[in-house]
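Ligands are counted one by one from 1 in listed order, and the atoms in each one are counted from 1 as well. Throughout, numbering of the chain's residues begins at 1 and tracks the sequence. Both backbone and side-chain heavy atoms feed into the values below; hydrogens, waters and symmetry mates do not.
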Amino acid sequence: MGPLGFGIYIHIPYCLQKCLYCDFVTIDLQRRSSTPPPDEYVSCLLTELDLRAEDIRSALSSELPLTSIYFGGGTPSLLAAKDILAVLNKIATLGFSRAPNCEITIEINPGTIDAEKLDLYLASGVNRFSVGAQTFRDDFLRACGREHTSQMTRETLRLLSGRNLNFSFDLLFGLPHQNLNDLSDDLSELIAFSPPHVSLYNLTVPQNHPMNRGRATDEVQSQMFEVIETELQAVGLRRYEISNFSKTGFESRHNCLYWQGLPYWGVGIAAHSFLPEVGPFGSRFSNPSSTKVWMNQISGASLLQDESPLRFWENLPKAQVERLFLHEALTDFFHTHLRQTRGFSWQEFRTTLQSFQVENTYIQKIICLAQTRADELKRTKLIVANDGRIRLTPTGYVLANAVFLKFTFLPDELRF
Ligand code: SF4
């Protein structure tokens, strides 16, 4: 999984279309009217990086290296390679110590990259590509509202696998009118490209959404999940998180930061950050999802630079900052650890509580409470303890929400 570290997430909101099921904060490039062109957006990203880097550095444990930079979106591969390079060059000047094998990922959509652009990305230091392929069926792609075709996906995957590059394949399933055979066809084709990493997305849309019509039953969708797991494990793609599979050593270092409670800094509209060392139990903060509000916030801060003794999150509107309470930090611990196949040990839980500087007698009471809940989940066979670690069972993966609900703590429950 790689050493302890921290990561920077850069949000690039532009897309060629607005897919029918998408609830990310994006800008449809073809319908863009009042939103800024990419050049202006990138220039604001560079300002944000400059303005806030020192505060971020001050909130990190010393010597914590930068282990991941992630360009997500949106469709970051719509940006010219020079823009990606400008962001990476800026980050290089900010004084973070970069781990030698820092993972630099860019999300790309088929049809938005060719050999020349790929060369430029590689030359700028990008070393991992996350491909928004979804499915090889053109009719399903159209039903999702996607612009790309399966032929474009094949070309992109040929380009990446032909050069033996590190890439991930996004597989979307549970689509309207998709059956188990359709899914098997997708799996056979994706496996032929030998991706080092696969991320699964079970289509999630509101109850009354048009894409909810004609979908397989919940039972068949659970079977789809099982088929995917079996087929991927058979070719050495091991599950390491509920929805993520990889060859050994190719786990997403960036996503592992999220699941291991490590710090990350989100830059750009709607980007989220987590700083475990800010406040007694860590803090989260976010940027506005409106480009205009975000740009005003950054340019306002730019004018006030050096005048405020406060760190930037102390100047943000309350709605953008969340200082965690103990019950939220505990809930996060269980939810993030149980997502991963490595699970957790009670010793890790104790160490986390000790890092919060909670009294020993109180720690013991919290552990007893959590163990009582774990015992109930063991009885219903949703989790299992072996090798000193607690993990989800195969049924637990399917019913993970029930496990997470049980491991959600309320403030009153911690008043002993
Ligand atoms: S390409 Fe991805 S981010 Fe963009 S609209 Fe479609 S699903 Fe959303």
Side-chain angles (χ1 to χ4, degrees), residues 9-38 41-42 45 70-80 83-84 87 105-114 117 121 126 128-157 160 167-176 178 186 190 195 197-206 209-212 215 243-244 252 254-255 258 266-272 286-291 294:
Y9 172 85
I10 310 283
H11 190 73
I12 308 294
Y14 302 99
C15 282
L16 282 177
Q17 75 281 312
K18 184 70 184 173
C19 301
L20 297 175
Y21 57 90
C22 176
D23 59 3
F24 291 122
V25 176
T26 65
I27 296 170
D28 182 339
L29 205 53
Q30 303 182 60
R31 296 203 187 149
R32 182 175 62 77
S33 50
S34 57
T35 48
Y41 183 85
V42 171
L45 283 179
Y70 192 102
F71 291 89
T75 307
S77 54
L78 285 174
L79 282 192
D83 290 326
I84 300 296
V87 173
T105 306
I106 186 167
E107 291 178 356
I108 58 176
N109 274 348
T112 61
I113 187 163
D114 55 18
K117 199 169 192 180
Y121 283 155
V126 175
R128 185 170 182 273
F129 301 85
S130 176
V131 185
Q134 319 306 344
T135 168
F136 288 98
R137 279 276 295 265
D138 286 315
D139 51 346
F140 291 158
L141 287 170
R142 279 194 297 277
C144 291
R146 309 227 20 144
E147 287 273 319
H148 76 265
T149 62
S150 59
Q151 197 45 37
M152 290 172 181
T153 304
R154 291 182 191 103
E155 279 161 22
T156 300
L157 295 175
L160 297 169
F167 70 98
S168 177
F169 185 107
D170 285 354
L171 177 68
L172 183 63
F173 71 101
L175 294 165
Q178 185 186 39
D186 269 349
L190 94 80
H197 188 281
V198 176
S199 294
L200 303 186
Y201 297 89
N202 190 353
L203 178 68
T204 310
V205 284
H209 191 283
M211 287 192 78
N212 236 341
R215 296 181 70 195
S243 302
N244 285 279
S252 159
H254 192 81
N255 286 347
Y258 300 157
V267 183
I269 63 165
H272 288 250
S286 59
N287 278 343
S289 48
S290 147
T291 317
W294 169 68

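Residues Val87 and Phe71 have side chains in contact (heavy-atom distance under 4.5 Å, counting atoms from C-beta outward). Residues Tyr14 and Pro38 meet the side-chain proximity criterion, which asks for heavy atoms closer than 4.5 Å.
Side-chain N/O atoms of Glu107 and Tyr70 include a donor and acceptor closer than 3.5 Å.
Between Phe169 and Phe136, the distance from one ring center to the other falls under 6.0 angstrom.
Around atom 4 (Fe) of ligand 1, the protein contributes the following N, O or S atoms under 2.8 Å, ordered by chain and number: Cys15 SG.
One option in Arg146, Gln134, His148, Glu107 has a heavy atom closer to atom 2 (Fe) of ligand 1 than any other, and that option is Arg146.
The only member of Thr112, Asn109, Thr156 that meets side chain to side chain donor-acceptor pair (under 3.5 Å) when paired with Ser77 is Thr112.
Under a 4.0 Å criterion applied to the non-hydrogen atoms of Tyr21, ligand 1 contributes the atoms 7 (S).
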| message | One pair to check against side chain to side chain contact (heavy atoms under 4.5 Å, CB included): His272 and Tyr258. What are the steps and the verdict? | response | CA-CA 11 Å; His272 288 250; Tyr258 300 157; over 6 Å; no

| query | Going through the checks in order, is the side-chain hydrogen bond (donor to acceptor under 3.5 Å, both in side chains) test met by Ser150 and Asp138? | reply | CA-CA 6 Å; Ser150 59; Asp138 286 315; 3.0 Å; yes

